[in-house]
Amino acid sequence: MTLFTIDTEKCNRDGICAASCPFALIDMTSKSGFPAPIGIAEERCMNCGHCVSVCLTGALTLKTMGPSDCRPVPKDYGISPEQLEQLYLTRRSIRVFKDKPVPRENLQDLFRLVGHAPSGHNSRVVQWLVIEDAGEIKRLSGLVIQWMREVLEQNPAFGKSMEADILVAAWDRGEDYILHAAPHVVIAHGPLQFKDVYPVRSEFALAMSYLEIAVAAMGIGACWAGFFQAAVQFYPPMNEAIGLPDGHLSYECMMLGYPKYKYQRVPIRSLPPISWR
Ligand SMILES: Cc1cc2nc3c(=O)[nH]c(=O)nc-3n(C[C@H](O)[C@H](O)[C@H](O)COP(=O)(O)O)c2cc1C
């Protein structure tokens, strides 16, 4: 099978598939007028599926997916602007969780949804680790604290700039302000070599942002674990301690769980500077 086949009974030769292909890999100039892959199409196609997805008549079948494999887009789908505004405004960083785990099926569904996030060159490099063991989560928080103690000793100004003195003091009182004893700690990881590679590098934060918004819509609370991630960046034992596959790095980390408290108001956020040209 070539990169794609056309059902000539269904194809209306409107060229929408060709116009939608990100790399102009579909030729509409053949005598028959049906779409055909250009010579390098097979090699250069990134399998984004737009040609299948956009076809009005379901005439195009890619090697990897046909119209019947793809869920139809409902005619009047959509979230209203009011609903979206409400979701954005009421999402909060949640740091106090109920002692009740989110069922794995729900998390699995969320990861499936997040898999629809944009992905540079459709590379889909993000892998997930979900840590649910309370002892393990505490051990990782403890390691962040260990790093913070070292920072406070060696570079107190830097330590204070990230509130390490306060967080260490809280830890010594028996309170975890690093991973907040969350029922789930989710790590987006991938090969270390993507560390400085755009756009792959961006995908981890993007996937995590999608996850954060998706969980907010489902009554699950989330908070970015930035102190944890900082330790991954500055303290080599940290990444090792997570036990990721060889050569992998934790790119982003988030706490998840059901919120213990309900927020009553939307805090004020000023409009960021915008320039127009
Ligand atoms: C990249 C990133 C890292 C963060 N790291 C932490 C963290 O380690 N601990 C924490 O309590 N909150 C963390 N936060 C949450 C921010 O403090 C929070 O987004 C901010 O105070 C605004 O509150 P809101 O998210 O409820 O609007 C982080 C947020 C981002 C975007």
Flag side-chain contact, heavy atom, 4.5 Å: Trp128 against Leu107: no
List in chain and number order the residues that pass side-chain hydrogen bond (donor to acceptor under 3.5 Å, both in side chains) with Glu175, two or more places apart in sequence or in another chain; answer none if no residue qualifies. Arg173
Other residues, nucleotides, ligands: >12 heavy atoms within 6.0 Å of Glu150 CD: yes
With rounding to the nearest 0.5 Å, note down the distance linking CE in Met148 to NZ in Lys160. 14.5 Å
Taking atom CG as the centre, does Leu192 end up with more than 12 heavy-atom neighbours from other residues, nucleotides or ligands that are less than 6.0 angstrom away? yes
Is the gap between the ring centers of Phe234 and Phe158 under 6.0 Å? yes
If you measure from NZ on Lys262 to OG1 on Thr90, what distance do you get to the nearest 0.5 Å? 10.0 Å
Hey, mind stepping through Glu85 and Glu82 against side-chain contact (heavy atoms from CB on, under 4.5 Å) and telling me if it holds? CA-CA 5 Å; Glu85 179 174 338; Glu82 291 76 21; 5.6 Å; no
Any Lys/Arg nitrogen of Arg124 or Glu203 sitting under 4.0 Å from an Asp/Glu carboxylate oxygen of the other? no
Determine whether Leu256 and Tyr258 fall in the same hydrophobic cluster, where Ile, Leu, Val, Met, Phe, Trp and Tyr are linked whenever their side-chain heavy atoms lie under 4.5 Å apart. yes
Hey, are the side chains of Leu244 and Leu129 touching, using non-hydrogen atoms and a 4.5 Å cut-off? yes
Between Cys51 and Ile26, is there a side-chain heavy-atom distance shorter than 4.5 Å? yes
Carefully, step by step, assess Ile145 and Tyr177 under the rule side-chain contact (heavy atoms from CB on, under 4.5 Å). CA-CA 10 Å; Ile145 291 291; Tyr177 273 75; over 6 Å; no
Within the structure provided, determine whether Val144 and Met238 are in side-chain contact (heavy-atom separation under 4.5 Å). yes
Between Ser250 and Asn239: side-chain donor-acceptor atoms closer than 3.5 Å: no
Short N-O contact, Arg149 and Asp165, less than 4.0 angstrom: no
Verify the cluster assignment for Val186 and Met218: are they in a single hydrophobic cluster under the rule of side-chain heavy atoms below 4.5 Å apart? yes
Just wondering, more than 12 heavy atoms not from Ile274 lying within 6.0 Å of its CD1? yes
Check for me whether the distance between the ring centres of His248 and Phe194 falls short of 6.0 Å. no
For Arg104, is the CZ atom crowded, meaning more than 12 foreign heavy atoms sit under 6.0 Å from it? no
Under 3.5 Å donor-acceptor, Arg13 side chain and Ser32 backbone: yes
Write down the atom of Cys223, the atom of Ser93, and the distance for their closest heavy-atom approach. SG-CB, 3.9 Å
How about Val185 and Cys253: do any of their side-chain heavy atoms sit closer than 4.5 Å? yes
Report yes or no: is the cationic atom of Arg201 (NZ for Lys, CZ for Arg) under 6.0 Å from the centre of the six-membered ring of Tyr251, at an angle within 45° of the ring normal? no
Check against side-chain contact (heavy atoms from CB on, under 4.5 Å), Ser20 and Ile16: CA-CA 6 Å; Ser20 306; Ile16 297 178; 3.9 Å; yes
Quick one: do the Ser141 and Asp176 side chains pair a donor with an acceptor below 3.5 Å? yes
Linking I/L/V/M/F/W/Y whenever any side-chain heavy atoms sit under 4.5 Å apart, do Tyr210 and Val215 land together? yes
Which residues satisfy the side-chain hydrogen bond (donor to acceptor under 3.5 Å, both in side chains) test with Arg265, sequence neighbours excluded? none
Between the CG atom in Asn122 and the CG atom in Asn47, the distance rounded to the nearest 0.5 Å is 6.5 Å
Can you establish whether the number of heavy atoms outside Gln193 located under 6.0 Å from its atom CD is more than 12? yes
Look up atom CD in Gln127 and atom CZ in Phe111, then write down how far apart they are to the nearest 0.5 Å. 12.0 Å
Closest heavy-atom pair, His189 versus Pro245, reported as atoms and distance to 0.1 Å, is CE1-CD, 3.7 Å
Is atom CG of Asp99 surrounded by more than 12 heavy atoms (other residues, nucleotides or ligands) closer than 6.0 Å? no
For residues Ile220 and Leu110, determine if any side-chain heavy atom of one lies less than 4.5 Å from a side-chain heavy atom of the other. yes
What's the separation between atom CD1 in Ile38 and atom CD in Glu43, rounded to the nearest 0.5 Å? 10.0 Å
Centre of Phe97's six-membered ring, under 6.0 Å away, within 45 degrees of the axis: is that where NZ or CZ of Lys260 sits? no
First locate atom CE of Met65, then atom CG of Leu60, and finally report the distance between them rounded to the nearest 0.5 Å. 10.5 Å
Any side-chain heavy atom of Glu252 within less than 4.5 Å of one from Ser209? no
Can Arg91 and Glu212 be said to form a side-chain contact (heavy atoms from CB on, under 4.5 Å), step by step? CA-CA 9 Å; Arg91 177 215 59 81; Glu212 185 184 25; 3.0 Å; yes
Give the minimum heavy-atom separation between Ile131 and Leu140, together with the two atoms involved. CD1-CD1, 3.6 Å
Show the nearest heavy-atom pair for residues Gly58 and Lys10, with the distance to one decimal. O-CD, 3.7 Å
Smallest separation among heavy atoms of Phe34 and Cys11, with atom names: CD2-SG, 3.6 Å
Please say whether more than 12 non-hydrogen atoms of neighbouring residues, nucleotides or ligands are located less than 6.0 Å from OH in Tyr261. no
Given the rule that I, L, V, M, F, W and Y join up when any side-chain heavy atoms are under 4.5 Å apart, are Val197 and Val232 in one cluster? yes
Applying a strict under-4.5 Å side-chain criterion to I, L, V, M, F, W and Y, I'd like to know whether Leu25 and Leu62 cluster together. no
State, yes or no, whether a side-chain contact exists between Arg92 and Ile94 at a heavy-atom distance under 4.5 Å. yes
Exam field: side chain His50 to backbone Cys17, donor-acceptor pair closer than 3.5 Å: no
What are the two closest heavy atoms between Phe227 and Ile178, and how far apart are they? CB-CD1, 4.2 Å
